[in-house]
Amino acid sequence: MSASVLFERRGNLALVTVNNPPVNALGQSVREGLLEAFRAAEADAQVEAVVLLCTGSTFMAGADIKEFGKPPQAPSLPEVVNAIEACAKPSVAVIHGSALGGGLEVALACHYRIARNDARVGLPEVKLGLLPGAGGTQRLPRLAGVAKALEMIVGGAPISATEAQRHGILDELFDGDLLAAGSAFAQRLLAEGRGVRRSGEQPVADAGEAAALLDAKRAEIHQRMPGLFSPLRCVAALEAAVQLPLAEGLERERELFRECLASPQRAALVHAFFAERQAGKVVGLAADTPTRAIASAAVIGGGTMGVGIALCFANAGIPVKLLEIDQTALERALQRARDTYAASVKRGSLSEADMARRLALLDGVTDYAALAEADVVVEAVFENLEVKRQVFERLDAVCKPGAILASNTSSLDLDAIAAFTARPQDVVGLHFFSPANVMRLLEVVRGAQTSDTVLATAMALGKRLKKVAVVVGVCDGFVGNRMVFQYGRESEFLLEEGATPEQVDGALRAFGMAMGPCAMRDLSGLDIGLAIRNRQRQSLPPQFPLPRVLDKLCEAGLLGQKSGAGFYRYPEGSRTPQPNPALAPLLEAASRERGIARRSLDDRYIVERCLFALVNEGAKILEEGIAQRASDIDLIYLNGYGFPAHRGGPMFHADQLGLDKVLARIREFHAEHGAWWQPAPLLERLAAEGRQFSDWEAGQ
Ligand code: CAA
Ligand code: NAI
């Protein structure tokens, strides 16, 4: 029998135990072992019922994602699942941790399901560009109805055991030992004469309403997730559950599953899944690097970022002191914190009790002495090196030895900041993104002297704050903003060459970006960075011109949403962009000044100009070692810049297009537009060698 699945007969019960750390994924050896175990149970005359459970921290968390895209190995999961359901002896799945994807499908094939109170169940395949391909789309609606199945399969979010029980997915909940609960349940089944009960043989309860539910979900998908491949196929599979007998429904599900499996979106989403896990592995840092305990925190500066960062700590249950320059500024900051929580309560995403608990963890102060015992301090004061110097000198004087001193700077030199202290090894960058309490991305900036312990602690803290933490090196803008500068610049050049904001934003949104660059500029304020641009203009050599269009708009008082108009108009405080008739003459003037005859540009050209600017800079960042690996850059773009997950991130997208093709276009842009487009040497080298960003590692 397979080493990953143990079979044991105890009295009249067969105990089938899956043991495949870390998450009991349904790899080939587990599938084979399950098949053999259920066959053995069937064949053993003394076995009256089967109890299926898992070792470790979780029930089966799904198919083995590492096997996707590789040649299939028998037995297939549907074969295993069908054999489990067909078993002539009643079976009970005992769930703890997470029963996800293929794991839940195995449980649905068992004749009964019980779960520990804290368990979760779900079919998250859609998040990997797939659909549940082992009967999940056919069995779940038979147990829970089409409405709930649509919600779980198209949405992909797991639900609690309590909710699952309410919807007929689970039979009972328990606390305590898995084996004891499973055995007791099985004996009770036998005593009560409850035998085999196959999910697949049950009718779909709400079949009468199915047509309307399926149509409504399709309409929602067209509106909210245009261009996504798998959600519509999830709906088609559920339609099959309603309209076809089980065997035909399963066949249809399989066809749709194969279509998803072959789609580039599936490859991109699986890439994103592993990118997130990979980011936690820091180059040069041993897995057992010790971390420091973080029991309390402090934030300096209660502005836009500081308040959001303080909320992150409070949300994670970590007491946090928020320091401002004076009582008035402090009261303003605390009021913003209260308002943010109150808005969440109003929206229904936070309870009054939780708000009170979190606010109690937030303590406003104006005296640095209050920070003496903080384990970590995050500075979020004005972006000015002199102000940062004053703050870090104070911190160095008051903070206890071993406290981590972090800066949220977005563009200043972290090593210069570290040098303001006598403990540069304890200084690290924690670059949050606005709004800090919402955005998942956290760039963890490793300074020249940041110690391994501090870096490891910062990464662990990121996880506790529920962030996607990615290590980056010190340079202007780190990874995300350094790249977005190139992207923004190209989008502005395109406006000067002949495109409209509607066209630029439309083309990039059609590609999948959450927001177009012009609407994004309007949101953050066109005057943001004006001073930096002016400085850059003076320092950049003449072959690196900067677009003029933003300056033109600012001169005309068009500052974006805050002034009621920018690239678009926002009448009466509306946040929905509308065409701005005042824009055309400004764009024309900007074109004239640069001596450009405006021309019509097609959408593909627009997308390539903006995206390949990201890719070329990303290649430089990789080669300089500012990012550890291409998938880290992808993760930053997926979580901080609205890059569509189904494209996998800019570097993955370039790999999929083929680096030779990307380089060829970049060379054309270089010939057409000059020095900004000098191809990155790493891109040239990888393209020449027929390699990809994904197989590049520093030093190779
Ligand atoms: N296959 C292979 N490896 C997996 C995996 C899977 N389904 N799920 C997790 N892992 C690996 C991770 O890559 C990670 O490996 P490393 O330590 O080598 O990096 C390790 O397990 C631990 O994972 P996490 O760091 O994510 O651990 P966690 O405790 O934070 O979360 C979890 C655990 C909730 C199970 C989370 O890992 C998760 O959501 N996994 C994916 C679940 C999923 O999407 N399942 C559906 C698969 S598709 C499917 O089943 C298709 C089908 O119907 C045929
Ligand atoms: P902000 O101007 O909104 O807030 C700064 C706050 O710091 C003000 O409330 C001010 O009173 C306070 N402050 C100034 N000097 C202080 C001192 N010596 N002691 C205590 N408090 C002091 O600025 P914002 O936008 O919050 O930015 C803060 C930092 O975060 C900057 O370094 C910025 O570059 C960085 N950042 C900003 C992002 C953004 O989107 N706004 C995103 C990521 C990083």
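Scope of the values below: all heavy atoms of this structure, side chains included, with no hydrogens, waters or symmetry mates. For ligands, and for the atoms within them, numbers begin at 1 and follow the listed sequence. None of the values given here were measured: they were computed from a predicted structure.
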Practice task
Report the distance from atom CG of L330 to atom CD of Q335, rounding to the nearest 0.5 Å.
Solution key: 11.5 Å
Practice task
Check the pair N19, T55 against side chain to side chain donor-acceptor pair (under 3.5 Å), reporting the backbone distance first and the verdict last.
Solution key: CA-CA 5 Å; N19 177 29; T55 59; 2.9 Å; yes
Exercise for the section: May I ask which of E253, R120, R277, K281 has a heavy atom nearer to atom 16 (P) of ligand 1 than the others do? Expected result: K281
Practice task
Closest by any non-hydrogen atom to atom 32 (O) of ligand 2: pick that one out of E383, Q390, E379.
Solution key: E383
Practice task
Check each heavy atom of D64 against ligand 1 and say whether those closer than 4.0 Å belong to the side chain, the backbone, both or neither.
Solution key: both
Fill in the blank from the handout: Distance col, row I621:CD1 vs F478:CZ, nearest 0.5 angstrom, shows 11.5 Å
Exercise for the section: Pull out every atom of ligand 2 sitting under 4.0 Å from any heavy atom of V391, numbered as shown with elements. Expected result: 18 (N)
Exercise for the section: Show which atoms of ligand 1 fall inside a sub-4.0 Å distance from at least one heavy-atom site of L128. Expected result: 44 (O), 47 (C), 48 (S)
Practice task
Check each heavy atom of I300 against ligand 2 and say whether those closer than 4.0 Å belong to the side chain, the backbone, both or neither.
Solution key: side chain
Exercise for the section: Quick one: look at P124 and ligand 1, take heavy-atom pairs under 4.0 Å, and tell me if it's side chain, backbone, both or neither. Expected result: side chain
Practice task
May I ask which of V381, T409, I528, N384 has a heavy atom nearer to atom 31 (C) of ligand 2 than the others do?
Solution key: V381
Problem - Mode of A25 contact toward ligand 1 - side chain, backbone, both, neither (heavy atoms, under 4.0 Å) - result: side chain
Exercise for the section: From the options R336, M305, E443, R394, select the one whose nearest heavy atom is closest to atom 41 (N) of ligand 2. Expected result: M305
Exercise for the section: Check for a donor-acceptor pair, side chain of K467 on one end and backbone N or O of M439 on the other, with a separation under 3.5 Å. Expected result: yes
Practice task
Check ligand 1 against G101 and write out every atom of the ligand that is under 4.0 Å from a heavy-atom position of the residue.
Solution key: 46 (C), 50 (O)
Problem - Location of contacts on Q278 toward ligand 1, heavy atoms closer than 4.0 Å - result: neither
Handout entry: S29 side chain to S4 side chain, donor-acceptor N/O pair below 3.5 angstrom
Key = yes
Practice task
Just need the protein heavy atom nearest to atom 45 (N) of ligand 1, so name the residue and atom and give the distance.
Solution key: A61 O, 2.9 Å
Problem - Greater than 12 external heavy atoms within 6.0 Å of K463's NZ - result: no
Completion exercise
So for F432 against ligand 2, with non-hydrogen atoms under 4.0 Å, the contacting part is backbone
Exercise for the section: For K66, counting its heavy atoms only, list the atoms of ligand 1 lying under 4.0 Å from any of them. Expected result: 3 (N)
Fill in the blank from the handout: Of all protein heavy atoms, the one nearest atom 8 (C) of ligand 2 is E324 OE2, 3.4 Å
Handout entry: E105 and ligand 1 - part of the residue with a heavy-atom distance under 4.0 Å
Key = side chain
Exercise for the section: Any atoms of ligand 2 less than 4.0 Å from a non-hydrogen atom of Y368? List them with their elements. Expected result: 19 (N)
Problem - Per-atom contact, atom 49 (C) of ligand 1, protein heavy atoms, under 4.0 angstrom - result: yes
Problem - For atom 30 (O) of ligand 2, closest protein heavy-atom neighbour - result: N408 ND2, 2.9 Å
Practice task
Please work out whether any backbone atom (N, CA, C, O) or any side-chain heavy atom from C-beta onward of F478 is under 4.0 Å from ligand 2, and answer side chain, backbone, both or neither.
Solution key: neither
